[in-house]
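For reference, the structure is listed below as structure tokens.
As the structure is a computational prediction, the values presented were derived from the model and not from experiment. One-based numbering, in listed order, for ligands and for the atoms of each.
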Amino acid sequence: MKEVMKDYVMKHKNLRLEKVTTENYWELGHLCVKKEQETFVGPNFYGMAYAYATVAEGKFAQAFGIYDGDEAVGFAMIGHNSYAYEGCPEACKHSYDLWRFMIDEEVQEQGYGRDALKLLLDYMLSFPDGEEDTITTSYTKGNTAAMNLYLSVGFAPNGEEDGDEVCLVLPIK
Ligand SMILES: CC(C)(COP(=O)(O)OP(=O)(O)OC[C@H]1O[C@@H](n2cnc3c(N)ncnc32)[C@H](O)[C@@H]1OP(=O)(O)O)[C@@H](O)C(=O)NCCC(=O)NCCS
């Protein structure tokens, strides 16, 4: 198996992923991105609702709070072979997909995004829903921060687009 972010040393040692529960639902829902980033990712409440609907249909979705100790600093959601809607990039039909990912506006540009991505990739590489060959994600054109971050850990465009989103693929085998 391919190693990803192998020698990366976490900046925030207490950073962890915590599954969404009825206890942390509200605080995670109220985390926000900057006004100018609102077109890059939907509100977290929508993400959690969509994860619920996906699981209710018998498909795989997991939503996480990103915590530094007790402080909620971000939100992420992953899927696995979870969608095949019309126009869906082929690459996303058979992959672990980083579906939603945000760091709260108050704590961006402090290394939380890169650390959290490391935790999320490690988790997907543990194959919580069975083995897979690729991890996918996407970014909205113009989202330089997300693009830089994803490319720097090995994601690469495969030429597919989904509306104004650029599809990225990370081979893991
Ligand atoms: C993308 C995002 C998660 C990054 O989180 P972050 O905590 O600010 O990122 P970090 O401080 O860990 O920085 C990681 C890398 O992101 C990139 N980056 C972060 N902010 C950037 C900026 N303002 N301009 C350019 N690149 C930037 C850099 O490559 C950076 O690495 P470097 O510090 O070694 O140069 C955050 O900006 C965010 O939540 N954005 C809004 C939601 C979003 O766009 N989500 C992605 C959906 S595809």
Verify the neighbour count for atom [atom1] of [X]: are there more than 12 heavy atoms of other residues, nucleotides or ligands below 6.0 Å?
{"X": "Y123", "atom1": "OH", "answer": "yes"}
{"X": "K35", "atom1": "NZ", "answer": "no"}
{"X": "Y46", "atom1": "OH", "answer": "no"}
{"X": "E36", "atom1": "CD", "answer": "yes"}
{"X": "Y83", "atom1": "OH", "answer": "yes"}

Quick test: of every protein heavy atom, which one is nearest to [atom], and how far off is it to 0.1 Å?
{"atom": "atom 42 (C) of ligand 1", "value": "V41 CG1, 3.6 Å"}
{"atom": "atom 39 (O) of ligand 1", "value": "I103 N, 2.8 Å"}
{"atom": "atom 46 (C) of ligand 1", "value": "F101 O, 3.4 Å"}
{"atom": "atom 37 (O) of ligand 1", "value": "Q108 OE1, 3.6 Å"}
{"atom": "atom 44 (O) of ligand 1", "value": "N143 ND2, 2.7 Å"}
{"atom": "atom 40 (N) of ligand 1", "value": "Q37 NE2, 3.6 Å"}
{"atom": "atom 15 (C) of ligand 1", "value": "R114 NH2, 3.7 Å"}

Do any nitrogen or oxygen atoms of [X] lie less than 3.5 angstrom from nitrogen or oxygen atoms of ligand 1?
{"X": "G113", "value": "yes"}
{"X": "Y150", "value": "no"}
{"X": "E109", "value": "yes"}
{"X": "V33", "value": "no"}

(message) Can you name the atoms of ligand 1, numbered from 1 with element, that are less than 4.0 Å from a heavy atom of S138?
(response) 48 (S)
(message) Please list, in number order, the atoms of ligand 1 under 4.0 Å from a heavy atom of M102.
(response) 39 (O)
(request) Please state which part of L149 comes within less than 4.0 Å of ligand 1, counting heavy atoms only: side chain, backbone, both or neither. (result) both
(request) Check Q110 against ligand 1 and report side chain, backbone, both or neither, counting heavy atoms closer than 4.0 Å. (result) backbone
Verify, without hydrogens or angle tests, whether [X] (side chain) and [Y] (backbone) share a donor-acceptor contact under 3.5 angstrom.
{"X": "E18", "Y": "Y67", "result": "no"}
{"X": "Q37", "Y": "K34", "result": "yes"}
{"X": "H12", "Y": "Q110", "result": "yes"}
{"X": "R100", "Y": "N44", "result": "no"}

(message) Can you tell me how far apart OG (S152) and OH (Y8) are? Round to the nearest 0.5 Å.
(response) 9.0 Å
(request) Quick one: pull up CD1 in I172 and CD in E132 and give me the separation to the nearest 0.5 Å. (result) 6.5 Å
(request) Answer with yes or no whether the hydrophobic clustering places Y112 together with L98; edges join I, L, V, M, F, W, Y residues whose side-chain heavy atoms lie under 4.5 Å apart. (result) yes
(request) Indicate, with yes or no, if L121 and L15 share a hydrophobic cluster defined by side-chain heavy-atom contacts under 4.5 Å among Ile, Leu, Val, Met, Phe, Trp and Tyr. (result) yes
Any protein heavy atom nearer than 4.0 Å to [atom]:
{"atom": "atom 2 (C) of ligand 1", "value": "no"}
{"atom": "atom 6 (P) of ligand 1", "value": "yes"}
{"atom": "atom 35 (O) of ligand 1", "value": "no"}

(request) Would you check whether G111 reaches within less than 4.0 Å of ligand 1, judged by its heavy atoms? (result) yes
(request) Out of S152, A145, A146, G74, indicate the one that has the non-hydrogen atom closest to atom 27 (C) of ligand 1. (result) A145
(request) Only heavy atoms count here, so choose which of N148, I66, V107, L31 is nearest to atom 29 (O) of ligand 1. (result) N148
